[in-house]
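All ligand and atom numbering here is 1-based and tracks the order in the structure.
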Amino acid sequence: MALRTLSTLGPLAGKRVIVRADLNVPLQDQVITDDGRVRATLPTLNALINQGARVVVCSHLGRPDGAPDPKYSLEPVAQRLSELLGKPVAFARDTVGESAHEAVAALEDGDVAVIENLRFNPGETAKDDAARRAFAEELAALGDVLVSDGFGVVHRKQASVYDLAEILPSAAGFLIEKEVDVLDRLTENPERPYAVVLGGSKVSDKLGVIAHLLPRADKILVGGGMLFTFLAAQGYKVGKSLLEVDQIETVKGYIADAAERGVELILPVDAVMASAFAADADHVVAAADALEDTPFGADGLGLDIGPQTAELFAAAIRSSTTVFWNGPMGVFEMPAFAAGTKAVAKALTAVDGLSVVGGGDSAAAVRQLGFTDDQFGHISTGGGASLEFLEGKKLPGLEVLGWQ
Ligand code: ADP
Ligand code: MG
């Protein structure tokens with residue numbers, strides 16, 4: 001069944017429309033350091049405003065402990081939203097209390113209010129179905145319909161994501177619609193050749209994706225911290241690099257499976273080995289089969305793919321028509337170990353087809369390295385949600401909107 005989209009809700013003028021957005025932005029001392037997620041909600045909000053809906057925006061922010069915590073107030077986000085929309089945005093000091101009800105009652109057609117952080121209420125994330133449902137009922141009293149548009153949380157069975165969508169007439173907003181459309185193209189009928197580039201820090205996090213995409217991809221490229229488990233599976237020594245010993249057997253299975261299916265599994269041929277995990281650490285390039293033959297010996301740490309690997313990966317990416325990339329190739333936060341990630345990002349911008357970046361750190365990396373969002377086909381706003389989608393898992397927040 002297909003996702004219910006905004007138009008299925010009928011005319012919304014004069015109606016109270018709750019928008020479950022993902023406004024979980026990074027904050028430093030109450031100042032927003034990246035407003036990408038706020039911007040991502042604008043198409044849906046503007047469409048509702050233009051229709052004359054009375055818009056009630058809700059979201060979580062950070063991980064408060066089910067109780068009010070000024071550190072995680074959505075007030076600065078509401079201010080930023082007001083600037084971006086170019087109109088006043090009312091702010092309620094609670095989520096489902098007196099302030100929220102007053103703010104909603106005061107809305108006129110085309111007005112917007114933001115209610116306080118959903119996670120100030122224990123019911124939002126409660127594991128107990130009844131507790132979650134009770135909180136969702138309180139939220140439902142604030143609106144006539146729900147537009148679900150927080151893609152970053154659709155893999156969570158939470159009150160505002162799941163239960164509320166069952167209680168009120170509900171549909172997906174434009175952001176969720178776009179994310180699902182792109183990710184579905186990656187799993188169902190990708191234009192070939194299709195390359196999947198995986199990096200980041202934990203193999204065990206990404207194994208599900210590898211398993212699900214092995215039968216679907218033409219090339220799988222492995223970089224980041226997880227590359228060392230793959231090299232160890234080939235019998236190479238990796239010094240003190242990240243290594244998940246308990247995953248070596250599974251990884252061996254993937255290597256064999258890829259060979260059997262004729263999937264090109266492209267593993268690094270060299271890496272940047274460092275004396276320590278530090279921005280100013282000594283470092284040298286070493287071949288994949290000689291990672292311990294450096295001045296640091298068995299104490300060396302691999303912190304990036306090497307230049308030959310970067311070229312190999314870039315060529316494999318550029319010659320693909322569909323590319324999905326998750327996980328930085330190295331410790332990009334330190335300039336000395338950012339070259340591999342930069343080379344891969346640059347290659348993605350040259351893809352003649354669909355290029356998708358998924359994952360929180362990967363998205364941050366491309367922006368930090370000076371790329372702009374429009375250089376890629378799509379940058380997913382949800383790290384965990386996009387990976388679980390590609391793993392073929394059922395996502396409660398999408399299923400409740402009709403997606404199967
Ligand atoms: P994403 O958020 O995009 O899914 P991950 O959270 O899996 O990505 O991984 C991101 C982290 O992986 C980054 O902080 C980066 O420093 C780290 N990383 C990449 N390569 C290595 C490596 N060789 N050793 C240690 N950490 C690494
Ligand atoms: Mg991450």
Trainee: Looking at atom 21 (C) of ligand 1, what's its closest protein heavy atom, distance included?
Mentor: Gly225 N, 3.4 Å

Trainee: What is the closest protein heavy atom to atom 18 (N) of ligand 1, and at what distance does it sit?
Mentor: Gly330 O, 3.9 Å

Trainee: My understanding is that only one of Arg119, Arg20, Arg132 makes a salt bridge (charged side-chain N to carboxylate O under 4.0 Å, His left out) with Glu124; could you say which?
Mentor: Arg20

Trainee: Is there a side-chain contact (heavy atoms from CB on, under 4.5 Å) between His212 and Leu390? Walk through the geometry before answering.
Mentor: CA-CA 7 Å; His212 196 71; Leu390 292 181; 5.7 Å; no

Trainee: Could you go through Phe296 and Val284, starting from their C-alpha distance and side-chain angles, then the distance that decides it, and tell me whether this counts as side-chain contact (heavy atoms from CB on, under 4.5 Å)?
Mentor: CA-CA 9 Å; Phe296 327 121; Val284 295; 4.0 Å; yes

Trainee: In terms of residue, atom name and distance, what is the protein heavy atom nearest to atom 13 (C) of ligand 1?
Mentor: Glu333 OE2, 3.3 Å

Trainee: Of all the atoms in ligand 1, which lie at a distance below 4.0 Å from a heavy atom belonging to Gly224?
Mentor: 20 (N), 23 (N)

Trainee: Report the member of Pro328, Gly383, Ser362, Ala365 with the shortest heavy-atom distance to atom 3 (O) of ligand 1.
Mentor: Ser362

Trainee: Does Thr229 reach the main-chain N or O of Glu244 with its side chain, forming a donor-acceptor pair under 3.5 Å?
Mentor: yes

Trainee: Quick one: look up the protein heavy atom nearest atom 7 (O) of ligand 1 and list residue, atom name and how far away it is.
Mentor: Lys206 NZ, 2.8 Å

Trainee: Among all protein heavy atoms, pick out the one at the shortest distance from atom 4 (O) of ligand 1; state its residue, atom name and that distance to 0.1 Å.
Mentor: Asn326 ND2, 3.1 Å

Trainee: With a 4.0 Å heavy-atom cut-off (strictly under), which part of Val331 contacts ligand 1: side chain, backbone, both or neither?
Mentor: both

Trainee: Among all the protein's non-hydrogen atoms, which is closest to atom 6 (O) of ligand 1, and how far away is it?
Mentor: Asp361 OD2, 3.0 Å

Trainee: Distance to 0.1 Å, residue and atom name: give those for the protein heavy atom nearest to atom 23 (N) of ligand 1.
Mentor: Gly302 O, 3.0 Å

Trainee: Need the atom name: nearest N/O/S atom of Asp361 to the Mg ion (ligand 2).
Mentor: OD2

Trainee: I'd like to know if the side chain of Thr321 reaches the main chain of Glu191, judged simply by a donor and an acceptor atom lying under 3.5 Å from each other, with no hydrogens or angles considered.
Mentor: no

Trainee: Leu85 and Ile49: which non-hydrogen atoms are nearest, and at how many Å?
Mentor: CD2-CD1, 4.0 Å

Trainee: Show the atoms of ligand 1 that are less than 4.0 angstrom away from any heavy atom in Phe228.
Mentor: 23 (N)

Trainee: So is Asp205 touching ligand 1 or not, going by heavy atoms under 4.0 Å?
Mentor: no

Trainee: Can you find a side-chain donor-acceptor pair between Arg4 and Ser170 that sits under 3.5 Å?
Mentor: yes

Trainee: Rounded at 0.5 Å granularity, tell me how far CD in Glu75 sits from CZ in Arg93.
Mentor: 4.5 Å

Trainee: What residue among Leu198, Val238, Val222 forms side chain to side chain contact (heavy atoms under 4.5 Å, CB included) with Phe230?
Mentor: Val222

Trainee: Using distance alone, determine whether Asp304 and ligand 1 share an N or O pair under 3.5 Å.
Mentor: no

Trainee: Looking only at protein heavy atoms, which one is nearest to atom 11 (C) of ligand 1, and what is the separation?
Mentor: Ser201 OG, 4.0 Å

Trainee: Using 0.5 Å steps for rounding, measure from the CG atom of Leu45 to the CG atom of Leu81.
Mentor: 6.0 Å

